[in-house]
Amino acid sequence: MKLSDKMKRLGIETAFQVLAKAQALEAKGMDVIHLEIGEPDFDTPKNIRDAASRALDQGYTHYCNSQGLIPLRVEVAKEFEKTRGIQVDPERVIITPGAKPIMFYSILALLQEGDEAIYPNPLFPIYESMINFTGATAVPVPLREELDFRFDIDELRSKVTPRTRLIILNSPHNPTGSVLTEADIKAIAEIAVEHDITVFSDEIYEDILYEGKHHSIASQPGMRDRTILLSGLSKTYAMTGWRLGYAMVPEALAHPIVRLISNSISCTPPFIQRAAIEALAGPQESTAQMVAEFRRRRDLIVDGLNRIPGISCVLPRGAFYVFPNVKGLGMDCNEFADYLLNEHGVAVLPGTHFGVYGDGYLRLSYATSQENIKKALERIAAAAAKLSGGARK
Ligand SMILES: Cc1ncc(COP(=O)(O)O)c(C=O)c1O
């Protein structure tokens with residue numbers, strides 16, 4: 001069968017491939033610690049589960065509005081107003097199954113051959129894949145360890161051309177856990193306004209933050225109407241499998257995205273949307289407890305990694321990932337990730353899965369128990385010691 005040429009340009013989220021590899025080893029009897037998958041290991045709070053059951057009993061089981069149920073869109077608008085200080089018209093709110101479709105639809109609706117999109121590298125790989133799929137040019141701005149994996153704003157500015165249509169931001173950031181400062185956000189907003197560029201701001205980790213408060217570019221002067229502001233329930237409420245994402249989009253983008261929804265998935269399951277109203281409007285203690293536990297795990301894993309000769313790790317300020325530098329081990333990070341999994345039973349992702357500037361790093365998700373983290377650290381230390389002892393040279 002001959003596939004279309006553009007399929008060659010579509011990438012994949014490799015975390016799922018590494019998970020499959022790890023599971024194959026487990027099936028053969030190996031004990032594997034999973035640090036590859038980016039999802040909270042907590043249960044979805046009971047009030048949200050109960051709201052979904054009630055909605056099923058109430059018959060929210062049919063097709064519904066492609067853009068999303070109006071009461072949920074109103075709730076999302078209220079949430080953005082409360083957290084970003086912006087007035088949001090629910091007509092500009094879009095609900096999709098998970099946050100990912102909003103990336104897909106927005107990029108598809110906005111970009112084409114000849115356009116350029118600036119994005120941080122490393123980054124969640126779907127962005128680069130989607131930009132390439134549209135035929136537009138993906139223009140990376142490296143996130144460097146020396147800047148705690150934040151943008152060098154001058155470098156970002158130097159990448160802007162008359163063809164730049166989109167700047168992609170993600171803070172708190174996957175895979176490094178970095179967080180843009182208010183000054184960073186202000187400077188990027190000025191660039192976007194000056195050059196009339198749309199910004200896609202992925203804020204899905206907004207609540208998993210260990211210090212300070214979340215700063216959204218949508219709150220900056222002139223930005224509300226040029227920002228695609230993406231968030232969702234997957235991370236904040238441990239609801240990755242429910243599939244519920246939401247966004248505020250510029251007015252001109254709302255109807256094109258609804259058309260893409262109508263041509264693909266029709267709508268988002270309405271009983272999940274009813275549960276989403278409960279998630280946003282109901283008690284928030286579970287999230288606070290989850291973040292407190294993530295903070296303890298972050299401190300544990302960063303401290304442990306920094307004790308291993310050849311590895312150094314910046315303290316992340318958000319999300320639930322660390323991005324240690326493993327250049328000192330003298331082994332390519334892809335090979336080291338394979339070696340960790342195959343010979344030491346620790347599943348991690350090489351930094352290159354997030355872009356070329358991730359070379360020399362690993363991404364570890366600490367969304368697992370402290371006990372697992374301690375065991376993983378022992379295994380990583382043993383693996384690193386074997387390398388420095390020359391066992392694998
Ligand atoms: C930066 C970022 N955006 C979006 C997503 C996808 O979210 P969802 O599972 O709601 O589609 C992820 C998932 O890992 C992510 O890391």
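Note that ligands are numbered from 1 as they come in the structure, with each ligand's atoms numbered from 1 the same way.
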Would you call Glu190 and Lys186 a salt bridge, taking side-chain N to carboxylate O under 4.0 Å as the test?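 Salt bridge absent between Glu190 and Lys186.
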Does the ring centre of Phe149 sit less than 6.0 Å away from the ring centre of His173?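 No, the ring of His173 stays outside the 6.0 Å limit from the ring of Phe149, centre to centre.
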Among Ile, Leu, Val, Met, Phe, Trp and Tyr joined by side-chain contacts under 4.5 Å, find the other residues sharing a cluster with Val74 and list them by chain and number.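 Its cluster mates, by chain and number, are Ile70.
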Listed by chain and number, what are the side chain to side chain donor-acceptor pair (under 3.5 Å) partners of Ser171, not counting sequence neighbours?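 Counting only residues at least two positions away or on another chain, Ser171 forms no side chain to side chain donor-acceptor pair (under 3.5 Å).
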Of all residues at least two apart in sequence or in a different chain, which pass the ring-ring contact (aromatic ring centres under 6.0 Å, His included) check with Phe320?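 For Phe320, the residues satisfying ring-ring contact (aromatic ring centres under 6.0 Å, His included) (neighbours in sequence not counted) are Tyr205, Phe294.
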Any side-chain donor paired with an acceptor under 3.5 Å for Glu26 and His34?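 Judged by distance alone, the side chains do pair up.
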Under 3.5 Å, N/O to N/O: give me all the pairs between ligand 1 and the protein, one per line with atom names and distance.
unit_1, atom_1, unit_2, atom_2, d
ligand 1, 3 (N), Asp202, OD2, 2.6
ligand 1, 9 (O), Ser234, OG, 3.3
ligand 1, 9 (O), Arg243, NH1, 2.9
ligand 1, 10 (O), Ala99, N, 2.9
ligand 1, 10 (O), Ser234, OG, 2.6
ligand 1, 11 (O), Ala99, N, 3.0
ligand 1, 11 (O), Lys100, N, 3.0
ligand 1, 11 (O), Arg243, NH2, 2.8
ligand 1, 14 (O), Lys235, NZ, 2.7
ligand 1, 16 (O), Asn174, ND2, 2.7
ligand 1, 16 (O), Tyr205, OH, 2.7

